[in-house]
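Reading through the structure tokens given below for one structure.
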Amino acid sequence: MNLVLTEKQCKSCQARLTEYEIENNGALCMECFKEEQDEQK
């Protein structure tokens with residue numbers, strides 16, 4: 001799988017996002033997305 005970084009940044013930590021993260025993680029990078037999921041449990 002080819003991960004292409006975009007100019008968009010994570011809402012939380014400002015890391016550059018991939019298309020996958022924008023479409024599937026609500027514009028959060030993988031780390032912030034996982035933390036948010038853990039907080040909801």
Side-chain angles (χ1 to χ4, degrees):
M1 186 163 94
N2 206 1
L3 294 178
V4 178
L5 290 175
T6 67
E7 295 299 316
K8 296 189 179 184
Q9 296 178 321
C10 175
K11 292 189 274 186
S12 186
C13 70
Q14 308 309 310
R16 288 176 65 189
L17 297 173
T18 64
E19 288 290 334
Y20 176 86
E21 292 166 335
I22 294 165
E23 293 172 12
N24 299 294
N25 295 356
L28 292 171
C29 71
M30 286 296 185
E31 286 294 316
C32 294
F33 182 73
K34 286 179 186 173
E35 286 177 19
E36 189 173 278
Q37 295 298 313
D38 289 343
E39 287 175 10
Q40 291 177 1
K41 288 183 181 177

Worksheet item: Can you list the other members of the hydrophobic cluster that holds L17, where links are side-chain heavy atoms under 4.5 angstrom apart?
Response: I22
Worksheet item: Can you name the nearest heavy-atom pair linking C13 to C10, along with the distance?
Response: N-SG, 3.5 Å
Which donor-acceptor pairs under 3.5 Å do side chains of residues 32-41 form with protein atoms, sequence neighbours excluded?
none

Worksheet item: More than 12 foreign heavy atoms under 6.0 Å from CD of E31: is that the case here?
Response: no
Worksheet item: With side chains defined as the heavy atoms from C-beta onward, is the minimum distance between T6 and T18 less than 4.5 Å?
Response: no
Fill in: Distance, nearest 0.5 Å, that separates SG of C29 from CD of Q14
10.0 Å
Discussion item. Tell me which pairs pass salt bridge (charged side-chain N to carboxylate O under 4.0 Å, His left out) where either residue lies in residues 9-25, with sequence neighbours left out.
Written reply: E7-R16
